[in-house]
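A short worksheet on the structure shown next.
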Amino acid sequence: MDKRLPPGQEWIEEPLIYDINKNFDAPKEEDIFLYVLGKVENRLRIPYREIKEADYLIEIEADFHCVTGWSVKDIRWKGVPSAYIIERAKPFESVKWVFVRCFDGYTTHFPFEYFKREDTLIALFMNGRVLPREHGYPMRIVVPSLYAWKSAKYVYSIEFLEEEEKIGFWEMRGYHPVGDPWREERYA
Ligand SMILES: Nc1nc2c(c(=O)[nH]1)N[C@H]1C(S)=C(S)[C@@H](COP(=O)(O)O)O[C@H]1N2
Ligand SMILES: [Mo]
């Protein structure tokens, strides 16, 4: 038994590229912002460059588990930790959920508890390079503690919510609102 592999998963070498829609234009670098909104003290509109040049970037190495059954070991992601967003936006104490929107029309949601984890980040780099287009350029939220569909690519906004009132793309189609691979939370 491989203690590192969540139940029902198998290892593969490289992450498969999954996109609900490939036909969208990535904006030019100077037009890219990350919006932070919802139940927060400070709404933010952070230019991509400001995130890229933040004093405080972290790099993590994490396994990536897709709900369809494949897992990939040791992907390196670099970017700002979720704490950077939390410190600047100051979500209210009452926040329980996070809803993420992406340039391709994709959305996802998950509990704030997982957003707050130390290994959750807004990644701009993958395996030592600027995020490749197909893996989420310009920015991707990476939540290693949840199935890979929660690690939304092409992110442009993060909204903090008190109630589970906005439902993500796959969550709307029967996938789990939490999606913890160790508890095998595939479907709701
Ligand atoms: N914006 C966006 N993010 C997304 C998806 C998507 O279709 N659009 N697919 C998700 C799914 S189902 C998985 S398994 C991973 C795959 O990551 P990869 O395409 O970088 O390998 O991205 C997730 N993030
Ligand atoms: Mo997936």
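This is a predicted model, so every value here is computed, not measured. Both ligands and their constituent atoms are indexed starting at 1 by order of listing. Residue indices begin at 1 and follow the sequence shown.
With a 4.0 Å cut-off on non-hydrogen atoms, Tyr106 touches ligand 1 through its side chain and not its backbone. Counting heavy atoms closer than 4.0 Å to ligand 1, residue Ala148 contributes atoms from both its backbone and its side chain. Counting heavy atoms under 4.0 Å from ligand 1, residue Asp104 touches it through the side chain alone. Residue contacts with ligand 1 for Thr68 are absent, since no atom lies close enough (heavy atoms, distance under 4.0 Å).
For atom 15 (C) of ligand 1, the nearest non-hydrogen atom from the set Arg140, Glu14, Lys22, His65 belongs to Arg140. Counting heavy atoms only, Ile20 comes closest to atom 7 (O) of ligand 1 of the residues Ile20, Ile141, Val67. Among Phe103, Tyr154, Tyr175, Tyr18, the residue whose heavy atom sits closest to atom 9 (N) of ligand 1 is Tyr18. The heavy atom nearest to atom 11 (C) of ligand 1, out of those in Tyr147, Phe24, Trp149, Trp170, is found in Trp149. Between atom 1 (N) of ligand 1 and the options His135, Lys153, Lys150, Arg101, the minimum heavy-atom separation is to Lys153.
The aromatic rings of Trp97 and His109 lie tilted to each other, with the angle between the two planes from 30° to 60°. Taking the six-membered ring for Trp and thresholds of 30 and 60 degrees, Trp170 and Tyr175 have ring planes more than 60 degrees apart, a perpendicular arrangement.
In the vicinity of Cys66, heavy-atom distances shorter than 4.0 Å reach the ligand 1 atoms 14 (S). Atom numbering of ligand 1 starts at 1 in the shown order; those under 4.0 Å from a heavy atom of Cys102 are 1 (N).
Side-chain N/O atoms of Asp19 and Tyr154 include a donor and acceptor closer than 3.5 Å.
Hydrophobic cluster of Ile167: the remaining members, joined at side-chain heavy-atom separations below 4.5 Å, are Met172, listed by chain and number. Using a 4.5 Å cut-off between side-chain heavy atoms of Ile, Leu, Val, Met, Phe, Trp and Tyr, Leu5 falls into a hydrophobic cluster with Trp11.
In the hydrophobic cluster analysis, where Ile, Leu, Val, Met, Phe, Trp and Tyr join through side-chain heavy atoms closer than 4.5 angstrom, Val178 is grouped together with Phe115. Note: the hydrophobic cluster containing Tyr18 also contains Trp77 (ILVMFWY, side chain heavy atoms under 4.5 Å, direct or indirect links).
Taking distance alone, with nitrogen or oxygen atoms compared against 3.5 Å, Leu16 approaches ligand 1 more closely than that limit.
Checked against the 6.0 Å centroid threshold, Tyr48 and Phe33 do not count as a close aromatic pair.
Between Ala152 and ligand 1 there is a heavy-atom distance shorter than 4.0 Å. Residue contact annotation: Phe64 has a non-hydrogen atom under 4.0 Å from ligand 1.
With respect to Glu165 and Lys96, no salt bridge is recorded, no charged nitrogen being found less than 4.0 Å from a carboxylate O.
Closest to atom 24 (N) of ligand 1, if we only count protein heavy atoms, is Ser151 O, 3.1 Å.
Side-chain atoms of Glu59 do not come within 3.5 Å of backbone N or O of Lys78 as any donor-acceptor pair.
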